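This report concerns only the one structure given below.
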Amino acid sequence: MRLGELITLVHLLDPSLKLGLDTNPIKPISGLSAVGDQLLLHTVTQTPLTVESLRQHSIHFDQNLTVFRSHGDRLYGFRQSGHWLLFK
């Protein structure tokens, strides 16, 4: 999944949805960074980004970046669960 595709897919979702990794327990996504051709999603703090903050932060990054977890696993999709948008 590329960043531009992700932004297109979440465009109509509730902007207040919190971002997290689809794990048990959920790991909140609290930051973004770019390394080479990858956009890394970080789980450094317990304060999750929202769909709205993802949109705001994404304008600073190349839309062709491929989305990964911070430790290198590529993310292929997401699902909504309650007030969370969970990445797989």
Side-chain angles (χ1 to χ4, degrees):
M1 169 174 26
R2 302 220 181 265
L3 178 58
E5 296 168 331
L6 173 60
I7 297 306
T8 299
L9 291 170
V10 302
H11 177 71
L12 296 177
L13 296 177
D14 181 348
S16 67
L17 286 175
K18 298 178 281 186
L19 305 182
L21 295 178
D22 196 1
T23 59
N24 189 10
I26 294 170
K27 290 183 182 178
I29 296 170
S30 58
L32 311 170
S33 67
V35 176
D37 63 348
Q38 299 179 355
L39 179 74
L40 303 178
L41 304 182
H42 301 282
T43 58
V44 181
T45 70
Q46 291 297 312
T47 305
L49 294 174
T50 62
V51 167
E52 180 61 28
S53 58
L54 173 67
R55 291 179 194 152
Q56 292 171 357
H57 285 78
S58 68
I59 63 172
H60 302 289
F61 296 103
D62 180 345
Q63 300 296 295
N64 289 316
L65 294 173
T66 303
V67 182
F68 285 81
R69 287 184 183 197
S70 61
H71 66 276
D73 292 338
R74 186 172 177 178
L75 297 173
Y76 291 95
F78 56 86
R79 67 182 180 94
Q80 183 178 346
S81 177
H83 296 286
W84 288 91
L85 184 64
L86 300 173
F87 291 86
K88 307 179 199 192

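Because only heavy atoms are used, hydrogens play no part in the values below, and waters and symmetry mates are left out as well, while side chains stay in. Please read these numbers as outputs of a predicted model, since none were measured by experiment. This chain uses plain numbering: 1 for the first residue, then up along the sequence.
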**Study point:** Residues in salt bridge (Lys or Arg N to Asp or Glu O under 4.0 Å) contact with Glu5, at least two apart in sequence or another chain
**Key:** none

Flag yes if [X] and [Y] sit in one hydrophobic cluster, no otherwise; membership is Ile, Leu, Val, Met, Phe, Trp, Tyr, and two members link when side-chain heavy atoms are under 4.5 Å apart.
X: Leu9; Y: Val51; result: yes
X: Phe68; Y: Leu21; result: no
X: Ile26; Y: Val67; result: no
X: Leu40; Y: Val10; result: no

Evaluate the side-chain proximity of [Y] to [X]: yes if any heavy-atom separation is below 4.5 Å, no if none is.
X: Asp37; Y: Asp62; value: no
X: Leu41; Y: Leu32; value: yes
X: Pro15; Y: Arg55; value: yes
X: Ile29; Y: Leu54; value: no

Check your understanding: Closest heavy-atom contact between Leu65 and Gln38?
Key ->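 Closest pair (atom of Leu65, atom of Gln38, distance): CD2-N, 3.7 Å.
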
Point to revise | Heavy-atom donor-acceptor pair, Gln63 side chain to Ser58 backbone, under 3.5 Å | key: yes

Practice item. Look at the side chain of Ser30 and the backbone N and O of Val44, then say whether any donor-acceptor pair between them is shorter than 3.5 Å. Key: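 Yes: the side chain of Ser30 pairs with the backbone of Val44.
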
Donor-acceptor pairs are to be reported for all side-chain atoms of residues 77-88 against protein atoms at under 3.5 Å, with residues two or more places apart or in another chain.
unit_1: Arg79; atom_1: NE; unit_2: Asp22; atom_2: OD2; d: 2.9
unit_1: Arg79; atom_1: NH2; unit_2: Asp22; atom_2: OD1; d: 3.1

Value rounded to 0.5 Å, distance of [atom1] in [X] from [atom2] in [Y]:
X: Thr66; Y: Leu6; atom1: OG1; atom2: CG; result: 11.5 Å
X: Leu3; Y: Thr8; atom1: CG; atom2: OG1; result: 9.0 Å
X: Leu39; Y: Met1; atom1: CG; atom2: CE; result: 10.0 Å

Check your understanding: Is the number of heavy atoms from other residues, nucleotides or ligands under 6.0 Å of His71 NE2 greater than 12?
Key -> yes

